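The analysis underlying the following values was restricted to heavy atoms, covering all of them including side chains, and did not include hydrogens, waters or symmetry mates. Below, chains carry the letters A, B, ... as their sequence lines are ordered, and counting in each starts from 1. Quick caveat: nothing in here was measured; it's all calculated off a predicted structure.
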Number of protein chains: 4
Amino acid sequence: MPVSSAEPRRGGPRKRDLVLQTVVDELTVTPYAQLTVERIAEASGVHKTTLYRWWSGKPQLVADALAALMDTGPVPDTGSTRSDLVQWLTGTVRNYAETPLGVAMPALISDLARTPEGLGAFRGAFLAERRANCAAVIERGVARGDLPDHLDVDLFMDTLAGAVFYRQVVTGGLVDADLAERVVDLLLPPAGGARE
Amino acid sequence: MPVSSAEPRRGGPRKRDLVLQTVVDELTVTPYAQLTVERIAEASGVHKTTLYRWWSGKPQLVADALAALMDTGPVPDTGSTRSDLVQWLTGTVRNYAETPLGVAMPALISDLARTPEGLGAFRGAFLAERRANCAAVIERGVARGDLPDHLDVDLFMDTLAGAVFYRQVVTGGLVDADLAERVVDLLLPPAGGARE
Amino acid sequence: MPVSSAEPRRGGPRKRDLVLQTVVDELTVTPYAQLTVERIAEASGVHKTTLYRWWSGKPQLVADALAALMDTGPVPDTGSTRSDLVQWLTGTVRNYAETPLGVAMPALISDLARTPEGLGAFRGAFLAERRANCAAVIERGVARGDLPDHLDVDLFMDTLAGAVFYRQVVTGGLVDADLAERVVDLLLPPAGGARE
Amino acid sequence: MPVSSAEPRRGGPRKRDLVLQTVVDELTVTPYAQLTVERIAEASGVHKTTLYRWWSGKPQLVADALAALMDTGPVPDTGSTRSDLVQWLTGTVRNYAETPLGVAMPALISDLARTPEGLGAFRGAFLAERRANCAAVIERGVARGDLPDHLDVDLFMDTLAGAVFYRQVVTGGLVDADLAERVVDLLLPPAGGARE
DNA sequence: CCGTAAACGAGACGGTACGTCCAGTCTTATT
DNA sequence: AATAAGACTGGACGTACCGTCTCGTTTACGG
């Protein structure tokens, strides 16, 4: 886990936190595409050579910086599958809306995807933990009988997250606080819903 | 529809079709990120200057070329809301799976998004017509009573398309023929589904 | 002799005078280097293709236009060698100072000099007649005994004209009305001059 | 004097001498107009980007390269004003005849003259020192009584140099070893000359 | 408290592609 | 026959940023 701020002494980048903070700061001002390694170097006062010593390029720098901002927190069992899912998805919404990740995401993915390891790293850093937490929620739901037995868990998660992601990236629709609830409503109709 | 090969004399790019075809060909061989305008020029035998006369850069070239491949076809009324939705989403799946769009999409979006008009153009070229068709399907469904009255149509479409898109772009999950059906099942449970 | 304005009808450029006038006008506004064939076309309303039909390029266009402005007039015999020379050189000074030739000259020469014919054409258009006139003056001076017998006529002319040209082009010194007289004074000291 | 090869470490272009030498070499083979920055890059093995880092373009490159070849040497007092002047002008002749400067000059000037600083730089690099030396010679001559009291020194120098320059650039006359002497003879008639 | 090795600063460089400017040529109307 | 219209090839420009290299210089730990 590269996100540590403790004791970088002896062996390892001494300027790590400084650099990553600069990246985040710059991203709030400059879109990802305009951001350059040279600019990060200048803004942070850390020499370009040093950046390349520890990161292989801009996408890695940004990924590293943004990953540290992500809320991946485990979702407590509230007793209600709906609430759990809403809470989880609210984390996703916040990650997009309250950090530079939302706007930077498509470019970041496309950059990372140039190399096979890149995408893997991205998934590891941004997705793995969150998805594991969501899977846990879903399984609780299945166990309770709130969700069907042979639910395709992966697809279910893709649909939840995809709705938010697609808005953010493709259609440009509003991504706000109650989006999470409305998406969950589509997949898990509220009791006494309109469909029966 | 800008893709016509009749009478290119007098006004307008004479090499248009040749160029766009080359772009598609190159994209099947080279990932979007590696593709350069100079390479398109060389591969098509059309001089770089000429390309810049008619397109403002790589993203526009690619968008123009890919838009021509998209299936945006209207969805016939099969009598069943489920089938209509499945059929529509199958179009989306095919667009991703059978053209270079799937892999090129995130980078393309991120490039186009550098300018505000860019994103608008993208949505106009790739989304507007398809979404209008989908909205028609959904409204038929509401009229029939298959879908709830105050359904948020946009969000519903985002969720359908988002599931496929997210797979394609983020998780890298399989995007195949029956994905459409499985996604629709999540949103419109089959009669006698597991939830009752 | 390309400098004709009479009856270009039937076989020959119909827009000749219009074009050349435009070139002169543009040169008073735009330095030679910034002037382009396309600009001349636009400014004159004559299509680029037409320009290339009659002139082989910018330098030829400009040379043709400027040659028409040159004062090459023969120098009347005033009875005094000094006066004749001064009058002749005054023509040179005026050619530089009162037409765009002065500032355009070095660039024009350098462009024309790309091809061997180019320089020849330049000399034919701008130099030959004037130099012939000067040679006549000098020979009158030799006959009168005002100039030494075995004077190198060519070198003498080069020195006269060179002084003005060098000022104009290289040192950027003042080129004004009495320059001619001062140069002649150097080569043909006034009677009762300082040297005796 | 920027032409040093000692200690290029720390600050300043490391490939400077290599590049300038290449420019001179190329100029002996290719006329100035045909010379391109890209060609210099290729011929020298120094990348184009590097050239632009240190020079603002072709004219600056060439000026820098040629300036290093110029003979600007001070003229010793031979006791004779005539000899001093001849010796000085011989330097000019050699500069034109024995380096690529002669043929490149008009194009170089015209390129440099596009910007006001350009011409200033040219004069600083090629003229200032030589002219100062010449002025010294002339003043010695005036002091000795060989030259008139209120001689216009600048114009005198323009006439001397102009004769050679005009030959070289405009009329294309021969520029050879004894040209200097013949020009000086015109301005400073030999004792027992034809005019008395 | 001091030597040494890791980390950093400094600066030049090769390299890819960009997007642009003009030159000059071609084909096909039009007058 | 001359001109207009307009698309095209082509060469070079000057720029941006990338990622790498060679050095010298600081820093802080571990003996």
Side-chain angles (χ1 to χ4, degrees), chain A residues 7-16 18-19 33-41 44-58, chain B residues 8-16 18-19 33-41 45-58, chain C residues 8-16 18-19 33-41 44-59 111, chain D residues 8-16 19 33-41 45-58:
Chain A
E7 313 300 312
R9 294 291 131 76
R10 214 76 207 174
R14 295 207 270 258
K15 305 291 181 75
R16 179 167 203 276
L18 167 59
V19 167
Q34 258 84 301
L35 191 62
T36 69
V37 174
E38 287 183 341
R39 184 179 181 71
I40 296 171
S44 65
V46 172
H47 201 270
K48 189 168 64 151
T49 324
T50 304
L51 299 183
Y52 277 106
R53 231 189 307 272
W54 301 107
W55 292 274
S56 55
K58 174 171 84 156
Chain B
R9 280 288 113 83
R10 215 83 218 165
R14 299 210 263 258
K15 304 290 181 77
R16 182 169 200 275
L18 167 59
V19 167
Q34 258 85 302
L35 190 61
T36 70
V37 174
E38 286 186 342
R39 183 180 182 70
I40 296 171
V46 172
H47 205 271
K48 188 169 61 150
T49 325
T50 302
L51 299 183
Y52 278 106
R53 229 194 310 276
W54 301 108
W55 292 273
S56 55
K58 174 170 83 156
Chain C
R9 288 292 129 74
R10 216 77 209 170
R14 295 208 267 260
K15 306 288 183 75
R16 181 166 202 278
L18 168 59
V19 168
Q34 259 84 301
L35 190 62
T36 70
V37 173
E38 286 183 342
R39 184 179 181 70
I40 296 170
S44 64
V46 172
H47 200 270
K48 188 168 65 152
T49 325
T50 304
L51 299 182
Y52 276 105
R53 228 194 308 277
W54 301 107
W55 292 273
S56 56
K58 173 169 85 155
D111 267 14
Chain D
R9 275 287 111 80
R10 215 83 217 165
R14 299 208 263 259
K15 304 291 180 76
R16 183 169 198 276
V19 168
Q34 259 84 301
L35 190 63
T36 70
V37 174
E38 287 185 341
R39 183 178 182 71
I40 296 171
V46 172
H47 205 271
K48 185 169 64 150
T49 325
T50 303
L51 299 183
Y52 278 107
R53 232 191 307 271
W54 301 108
W55 292 273
S56 54
K58 174 170 81 156

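Close to F:dT3, at under 4.0 Å from its OP1 or OP2, lies a side-chain N or O of C:W54.
In this entry the distance linking OH of D:Y52 with C1' of E:dC13 reads 17 Å, nearest Å. In this structure, B:R16 places its CZ atom 19 Å from P of F:dG6, rounding to the nearest Å. The separation between B:K58 atom NZ and E:dC18 atom P is 7 Å, rounded to whole Å. At whole-Å resolution of the value, CD in B:E38 and C1' in F:dA16 are 14 Å apart. Atom NE2 in B:H47 sits roughly 10 Å away from atom C1' in F:dA12 (whole-Å rounding). Rounded to a whole Å, the CD1 atom of C:I40 is 16 Å from the P atom of F:dT3. When rounded to the nearest whole Å, the span between NZ of D:K15 and P of E:dC13 equals 6 Å. Computed from coordinates, the C:L18 CG to F:dA2 C1' distance equals 14 Å when rounded to whole Å.
Judged by distance alone with a 3.5 Å cut-off, no donor-acceptor contact links the side chain of C:T49 to the base of E:dG24. Not a single donor-acceptor pair, N or O on each side, falls under 3.5 Å between the base of E:dG14 and the side chain of D:K48.
Side chains of C:Y52 and C:V37 form a contact here, defined as non-hydrogen atoms less than 4.5 Å apart. A heavy-atom distance below 4.5 Å is not found between the side chains of A:W54 and A:R14. Counting heavy atoms from C-beta on, the side chains of C:T50 and C:R53 come closer than 4.5 Å.
From B:H47, atom NE2 reaches atom CD of B:E38 across 9.5 Å, with rounding to the nearest 0.5 Å. Atom CG of B:L18 and atom CZ of B:R16 lie 12.0 Å apart (nearest 0.5 Å).
Within 4.0 Å of B:S56, counting heavy atoms only, lies no atom of the nucleic acid at all. In this structure, D:W55 reaches neither bases nor backbone, as no heavy-atom distance under 4.0 Å exists between it and the strands shown. Within the 4.0 angstrom heavy-atom criterion, only backbone atoms of the sugar-phosphate kind lie near D:T36; the bases stay farther away.
Each of D:V46 and C:R39 has a nearest nucleotide on DNA chain E; the 5'-most of these lies closest to D:V46.
Distance from the side chain of B:V37 is smallest to E:dC18 among F:dG10, E:dC13, E:dC18. Candidate nucleotides E:dC13, F:dT26, F:dA4 were compared by shortest atom distance to the side chain of C:R53, and F:dA4 ranks first.
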